[in-house]
Amino acid sequence: MAERGVIRVGTRKSQLALIQTNSVVKMLTNKFPDVHFEIVAMSTTGDKILDTALSKIGEKSLFTKELENALEKNEVDLVVHSLKDLPTTLPLGFTIGAVCERESPYDAVVFHPKNAEKKLEALPKNSAIGTSSLRRAAQLKKLYPQLEFKDIRGNLNTRLKKLDEHHDFSAIILAAAGLQRMGWQKRIDQVLSPEQCLYAVGQGALAVEVRAKDQDILNMVCALQHPQTVLRCIAERAFMKRLEGGCSVPVAVCTSIQDSQLYLTGAVYSLDGSDCLKETMQRNIVFPNEDVDGPNDDSQHVGITALGVPYRALASAEQLGTELADLLLSQGAKEILTVARQLNDAR
């Protein structure tokens with residue numbers, strides 16, 4: 001750990017990343033008022049490459065590598081990420097020590113001022129919709145074949161500026177959680193339901209990454225753990241991991257917890273959305289008379305160390321994601337994703 005009483009928190013430099021990190025630091029300060037937290041901001045590869053679609057860069061740790069390097073060198077003690085930016089397999093020596101309570105996991109539509117208060121279905125034919133996500137584009141192409149979907153890169157501020165100040169896009173699709181955290185709820189013209197657009201693995205949740213062997217920091221950050229969110233995200237990440245998905249293929253999910261059951265809907269798509277495999281499965285996550293600590297309490301589940309969450313529930317959530325992926329693989333998911341990956345590489 002750093003000098004006693006000072007914990008250094010790594011983050012990306014974007015306005016949204018700093019807002020997210022400040023929210024985590026505020027939660028930690030409330031729980032540990034005697035500890036001083038110092039924010040260390042840095043640029044990542046993903047922040048620097050702004051002229052290429054994320055899916056074309058092919059790097060799994062675009063927004064995390066520089067932060068993990070600082071963590072490895074003891075320059076920071078923990079790092080705050082959007083969970084959806086973290087690969088399902090972390091580099092050796094790192095773990096996600098907390099997944100905070102999820103905000104909206106849904107996608108939102110922001111329209112050009114000239115189209116204010118419209119819906120996607122009401123836009124003129126061939127209207128251009130900006131999105132940096134193959135997952136969003138694949139689902140929405142199927143739903144709205146009359147619209148055109150084009151890449152748009154940059155942080156939230158940059159994308160909104162491109163939308164508002166130019167006439168290249170009629171609307172753009174963004175994560176609702178990011179807009180809400182920035183205080184821009186009023187810019188959300190339409191929220192896409194899971195029936196319209198399943199969301200990305202981990203979308204809307206913040207993750208705290210730490211050194212796996214730093215027990216003091218692990219014990220501290222686990223105070224932020226939100227059990228329902230962590231179980232949902234473990235199932236989602238296990239689904240993605242078994243499919244070997246990433247931002248270069250269209251993989252989408254939706255999860256919910258009802259009573260003692262965790263429900264996971266998962267889907268894979270061709271790039272144009274014409275091919276789709278989609279299924280839902282459920283598993284029990286409540287086991288009576290179970291101690292919180294399981295046989296391997298410090299073990300990782302798809303990169304997450306969930307201290308304080310019952311072991312059997314964690315194992316059940318991970319198994320749910322793996323089983324659903326296996327079901328889709330048995331129906332031909334690998335072929336769909338292989339073609340999607342090849343076509344994306346050729347674009």
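Keep in mind it's a predicted model, so treat the numbers as computed, not measured.
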Do [X] and [Y] have side-chain heavy atoms sitting under 4.5 Å apart?
X      : Y      : value
Leu192 : Gln190 : yes
Leu16  : Ser14  : yes
Val24  : Leu206 : yes
Asn126 : Leu147 : no
Leu328 : Ile336 : no
Thr95  : Leu218 : yes

Does one side chain, of [X] or [Y], offer a donor that lies under 3.5 Å from an acceptor on the other?
X      : Y      : result
Thr229 : Glu101 : no
Gln258 : Tyr263 : no
Asn157 : Gln15  : yes
Asp107 : Gln203 : yes
Ser104 : Gln180 : no
Gln331 : Glu279 : yes

Calculate, to the nearest 0.5 Å, the distance between atoms [atom1] and [atom2] belonging to [X] and [Y] respectively.
X      : Y      : atom1 : atom2 : answer
Thr265 : Gln282 : OG1   : CD    : 10.5 Å
Ser170 : Lys114 : OG    : NZ    : 4.5 Å
Leu324 : Glu236 : CG    : CD    : 11.0 Å
Ile129 : Leu140 : CD1   : CG    : 8.5 Å
Asp214 : Asn219 : CG    : CG    : 9.5 Å
Gln196 : Lys119 : CD    : NZ    : 9.5 Å

CA sep, side-chain torsions, deciding dist, call: Glu323, Arg283, salt bridge (charged side-chain N to carboxylate O under 4.0 Å, His left out): CA-CA 10 Å; Glu323 286 178 357; Arg283 279 186 75 93; 3.2 Å; yes
The single option from Arg237, Gln225, His226 passing side chain to side chain contact (heavy atoms under 4.5 Å, CB included) against Val99: Gln225
Do the side chain of [X] and the main chain of [Y] share a donor and acceptor less than 3.5 angstrom apart?
X      : Y      : answer
Tyr199 : Thr255 : yes
Asn115 : Lys118 : no
Ser274 : Ser270 : no
His301 : Tyr311 : no
Ser316 : Asn284 : yes
Lys162 : Arg153 : yes
Arg8   : Glu38  : no
Thr29  : Pro33  : no
Arg135 : Leu198 : yes
Arg102 : Cys233 : no

Decide, yes or no, whether a salt bridge links [X] with [Y] under the criterion of side-chain N to carboxylate O below 4.0 Å.
X      : Y      : answer
Lys142 : Asp275 : no
Arg211 : Asp77  : yes
Arg12  : Glu66  : no

Check the pair Glu103 / Arg181 against salt bridge (charged side-chain N to carboxylate O under 4.0 Å, His left out), numbers first and verdict last. CA-CA 9 Å; Glu103 295 180 51; Arg181 289 179 187 131; 3.0 Å; yes
Of all the heavy-atom pairs spanning [X] and [Y], show the shortest one and how long it is.
X      : Y      : answer
Ala235 : Leu320 : CB-CD2, 4.3 Å
Leu231 : Leu262 : O-CD2, 3.7 Å
Leu314 : Ala306 : CD2-CB, 3.7 Å

